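Computed from a predicted structure; not experimentally measured.
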Amino acid sequence: MQRIHLWLVATLILVMASPALPQDLAAGLKEALAVGTGNAVQMLSKSNGYFGDAAVKILMPEKMQTAAEVLKKAGYQKEVDEFVLSMNRAAEQAAPKARPIFEAAVRQMTFEDAQKIVKGNQTAATDYFKAKTASQLTDAFKPVVADTMSQVGAVRSYKALTDRYNSMMPFGKLAAFDLDDYVTGKALDGMFLKVGQEEARIRTNPAARTTDLLKKVFAK
């Protein structure tokens with residue numbers, strides 16, 4: 001992982017040091033970004049990729065947080081915890097769908113796109129991926145999320161929790177909402193957060209001279 005990050009840093013430094021963006025370096029940037037997004041996908045696709053990372057863990061929906069606290073105090077802590085886990089498992093199952101979509105966005109990157117990313121702000125690459133892939137990712141994630149939520153019992157758990165809460169609080173019933181939309185949205189938020197973290201490391205990590213490219217960069 002560190003070797004990959006060093007190469008990415010070197011590529012960006014060399015590109016930014018040039019008055020123009022040569023085509024070979026544009027190709028190098030594309031490959032670097034493909035590796036960076038691939039790393040983000042790989043991290044989140046693992047078991048506990050979402051659930052075990054506080055930065056991207058999918059929490060109880062805001063509309064259910066008060067209900068969740070009431071249910072915990074009523075002895076349903078385990079059921080609440082299992083519901084949260086099931087949402088994260090669904091996101092982890094959907095995450096691999098992002099890889100080919102990110103790869104396609106990199107392949108379609110133009111010379112002008114690459115220049116804007118190199119010369120842009122700290123999230124220029126992440127912003128590029130959001131603009132190019134958000135709609136496709138939503139379409140790809142949602143069916144997987146819906147299927148996995150059903151398989152791991154999240155939908156059943158959600159219904160059971162809301163039914164219990166509504167029976168306990170007849171005058172404060174929970175309004176229905178689209179659970180698949182919620183999990184899909186949060187899964188994508190986490191995905192772009194990880195892509196952004198990869199980009200930040202690309203732009204800010206100090207590099208050691210461990211490759212020929214790094215030696216060339218720092219020889220200038």
Side-chain angles (χ1 to χ4, degrees), residues 37 39-102 123 126-127 129-200:
T37 54
N39 289 340
V41 172
Q42 184 177 12
M43 284 186 282
L44 293 176
S45 300
K46 295 177 180 177
S47 179
N48 291 330
Y50 279 90
F51 187 73
D53 186 337
V56 297
K57 182 179 179 179
I58 300 174
L59 303 177
M60 185 66 69
E62 186 176 351
K63 293 180 179 180
M64 289 186 66
Q65 287 175 3
T66 299
E69 292 305 314
V70 171
L71 289 165
K72 288 177 185 178
K73 291 175 182 177
Y76 297 106
Q77 175 79 53
K78 180 182 178 182
E79 287 81 355
V80 170
D81 291 344
E82 287 177 347
F83 173 61
V84 171
L85 176 62
S86 66
M87 291 190 294
N88 285 273
R89 290 290 182 256
E92 289 157 9
Q93 289 294 316
K97 293 290 185 179
R99 186 185 294 273
I101 294 173
F102 282 141
T123 62
T126 304
D127 293 342
F129 285 119
K130 280 184 180 179
K132 295 293 183 180
T133 68
S135 178
Q136 291 173 279
L137 287 171
T138 299
D139 291 342
F141 271 46
K142 194 169 182 180
V144 180
V145 165
D147 185 54
T148 306
M149 294 270 281
S150 178
Q151 289 181 21
V152 301
V155 177
R156 184 172 62 252
S157 296
Y158 168 68
K159 186 177 186 308
L161 289 171
T162 53
D163 286 349
R164 284 173 183 145
Y165 178 78
N166 288 340
S167 67
M168 293 163 57
M169 308 288 288
F171 300 107
K173 290 187 176 183
L174 287 169
F177 74 104
D178 193 323
L179 190 59
D180 293 340
D181 272 349
Y182 172 77
V183 175
T184 298
K186 290 298 182 182
L188 293 180
D189 288 346
M191 180 66 70
F192 284 120
L193 178 65
K194 284 300 180 185
V195 170
Q197 288 176 348
E198 289 289 303
E199 180 178 7

Would you say the rings of Y76 and F83 are close, in the sense that their centroids are separated by under 6.0 Å? no
Are L71 and M168 packed together at the side-chain level, in the sense that at least one heavy-atom pair is separated by less than 4.5 angstrom? yes
Side chains of K57 and F51, heavy atoms from C-beta outward: is any pair under 4.5 Å? yes
For the pair E92 (side chain) and N48 (backbone), establish whether a donor and an acceptor sit closer than 3.5 Å, ignoring hydrogens and angles. yes
Donor-acceptor pair, side chain of T148 and main chain of V145, under 3.5 angstrom: no
T162 vs Y158 side-chain heavy atoms within contact, under 4.5 Å: yes
Could you check, using the six-membered ring where one of them is a Trp, whether F129 and F102 have ring centers closer than 6.0 angstrom? yes
Whether the side chain of D180 engages the backbone of K142 through a donor-acceptor N/O pair (distance < 3.5 Å, no angle test) should be reported. no
Decide yes or no for D53 and K194: does some side-chain heavy atom of the first lie under 4.5 Å from some side-chain heavy atom of the second? yes
Any donor-acceptor N or O pair under 3.5 Å, side chains T123, D127: yes
Considering all heavy atoms of both residues, which atom of P61 and which atom of M87 are nearest to each other, and what is their separation? CD-CE, 4.0 Å
Could you check if a side-chain atom of K186 sits within less than 4.5 angstrom of a side-chain atom of Y50, using non-hydrogen atoms only? no
